[in-house]
Enquirer: 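Next up is a structure, given as structure tokens.
One-based numbering, in listed order, for ligands and for the atoms of each. Since we're looking at a predicted model, the values are computed, not measured.
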Amino acid sequence: MGERERVFSGARPTGRQHLGNYLGAIQNYVALQDHYDCVYCAVDLHALTTMEDTERLRENTAEMVLDWLAAGIRPEESIVFVQSHVPELPLLHTILSMVTPLGKLTDLPTFKEKVRLQPHNVNYGLVGYPVLMTADIVLYKARYVPVGLDQAPHLEFAREVVRTFNHRVGREVLIEPEMKVTEVPKVLGTDGQQKMSKSLDNHIELAATPEETLKKVMTMVTDPARIRRSDPGNPDVCNVFSMHKIFSSGDDVGMVNVECRRAGIGCVECKQLFARNLNRHLEPFRRRRGEFEQTPNVVWDVLSDGAKRAREIAAATMADVRDAVGLP
Ligand code: SF4
């Protein structure tokens, strides 16, 4: 893997990925491979903190990783693995939890938000979530973590834990990770209001068929002031137009921008055009996904090899940590 600096990122195994995941993370994962040594993890343990029904966890992991591979993540270069396949992680989590004040964890806005969302399931793991996240990053000696600006406080927390740990043991055992801020467009769901998300069912799956995609696109909310076909629209407040800007050619974007404003194009036609362009964009992804699906066990082979490589790094880190802490 050479001299390249390492990047770590984890994603909850949420099953088939959607456009929001693609634009917000996966595209960036793929691009980072050209410059960094990348470690990408399906964080199944994190999923357990908020999940009560784990029946589909295995399948959701496989579907997500299949999407990663189809999108261009190269497992022969990058390490792609499942969080719980590395048994060194819970040990590091426990050790780091000893240097983390409880009050800091319960004061975090993200913890308070989780308590609000699931008051019936405020479990111990939920409180320690940021410590587990810190362990994820530092176990693999990652220098950078790609994050959106909204996640900056999480990484700042991880940096603090690392500083405290290194200070306690009196040497730089763990690497203090840095943010790799990535500009990602805010991807709204088909409702045009909220962030695209599977749980809100306002998402468009990458692996959907062209017909399914068209159907979803047709449900997209447009400029709310444009009621009749003859009303001029305002693309600046329309989510379909925002998506055109990402997936359509400059000519199509220019045409919609002009014609919408003078009612020269109707929303149905405009959405059909967008669905066509989106399907064209996703065609190579879908073809590759189909090819991977033909190879039995491809995802689990990738994950098993990834876990092996991840464990090698983890073992080296833990040898240093055990020694620094003085564990017998
Ligand atoms: S024509 Fe297109 S850009 Fe204009 S409001 Fe309808 S869907 Fe939106």
Side-chain angles (χ1 to χ4, degrees), residues 11 14-31 63-64 67-68 70-72 148-151 181-290:
T14 49
R16 285 180 168 212
Q17 301 289 282
H18 54 65
L19 289 182
N21 304 128
Y22 178 64
L23 298 168
I26 301 173
Q27 260 192 346
N28 191 33
Y29 280 10
V30 173
E63 291 282 359
M64 179 174 82
D67 280 345
W68 284 1
L149 271 181
D150 55 330
Q151 296 159 317
V181 178
T182 36
E183 282 297 325
V184 289
K186 190 172 176 199
V187 186
L188 296 178
T190 49
D191 54 16
Q193 298 286 326
Q194 307 188 73
K195 205 171 148 184
M196 188 175 283
S197 133
K198 204 166 192 167
S199 55
L200 295 170
D201 194 26
N202 64 0
H203 63 300
I204 299 174
E205 283 180 358
L206 302 174
T209 64
E211 297 73 30
E212 288 163 347
T213 306
L214 174 63
K215 224 164 136 186
K216 270 280 186 168
V217 168
M218 294 317 281
T219 68
M220 286 175 77
V221 173
T222 63
D223 171 7
R226 190 173 189 200
I227 296 159
R228 286 175 298 265
R229 167 69 177 79
S230 52
D231 295 337
N234 178 6
D236 299 331
V237 299
C238 176
N239 190 30
V240 178
F241 187 61
S242 309
M243 290 292 205
H244 265 302
K245 286 196 268 189
I246 300 170
F247 293 103
S248 298
S249 67
D251 284 355
D252 284 350
V253 172
M255 182 277 288
V256 170
N257 196 16
V258 170
E259 296 302 326
C260 170
R261 291 176 204 276
R262 60 178 186 208
I265 184 173
C267 292
V268 170
E269 202 186 326
C270 183
K271 287 177 183 177
Q272 284 166 339
L273 176 65
F274 166 59
R276 250 195 328 272
N277 292 338
L278 177 60
N279 280 329
R280 191 175 305 134
H281 183 93
L282 291 176
E283 199 276 325
F285 166 90
R286 289 170 175 165
R287 188 169 20 83
R288 277 195 302 269
R289 197 182 202 276

Enquirer: Is it true that Ser249 and Arg280 share a donor-acceptor pair across their side chains at a distance under 3.5 Å?
Expert: no
Enquirer: Using a strict 4.0 Å cut-off to heavy atoms of Cys238, name the atoms of ligand 1 that fall inside it.
Expert: 3 (S), 5 (S), 7 (S), 8 (Fe)
Enquirer: Is the distance from atom 2 (Fe) of ligand 1 to the nearest N/O/S atom of Cys270 under 2.8 Å?
Expert: yes
Enquirer: Give the residue, atom name and distance (to 0.1 Å) of the protein heavy atom nearest atom 1 (S) of ligand 1.
Expert: Arg226 NH1, 3.1 Å
Enquirer: Counting from 1, what ligand 1 atoms have a heavy atom of Asp223 closer than 4.0 Å?
Expert: 5 (S)
Enquirer: Have Asp191 and Asn202 got a donor and an acceptor in their side chains that come within less than 3.5 Å?
Expert: yes
Enquirer: Output yes when a side-chain donor or acceptor of Arg229 lies under 3.5 Å from a complementary backbone atom of Ala263, and no otherwise.
Expert: yes
Enquirer: What is the closest protein heavy atom to atom 7 (S) of ligand 1, and at what distance does it sit?
Expert: Thr222 CG2, 3.5 Å
Enquirer: What is the ring orientation for Phe247 with Phe274, classed by angle as parallel under 30°, tilted 30 to 60°, or perpendicular over 60°?
Expert: tilted
Enquirer: Backbone, side chain, both or neither: what part of Cys267 comes under 4.0 angstrom of ligand 1, heavy atoms only?
Expert: both
Enquirer: Test Glu205 against every option in Glu63, Lys216, Lys198 by the side-chain contact (heavy atoms from CB on, under 4.5 Å) rule and name the one that passes.
Expert: Lys198
Enquirer: Other residues, nucleotides and ligands only: do more than 12 of their heavy atoms fall within 6.0 Å of CD on Gln193?
Expert: no
Enquirer: With a cut-off of 4.0 Å, which atoms of ligand 1 are near a heavy atom of Cys260?
Expert: 1 (S), 3 (S), 4 (Fe), 5 (S)
Enquirer: Which atoms of ligand 1 are found less than 4.0 Å from any heavy atom of Val256?
Expert: 3 (S)
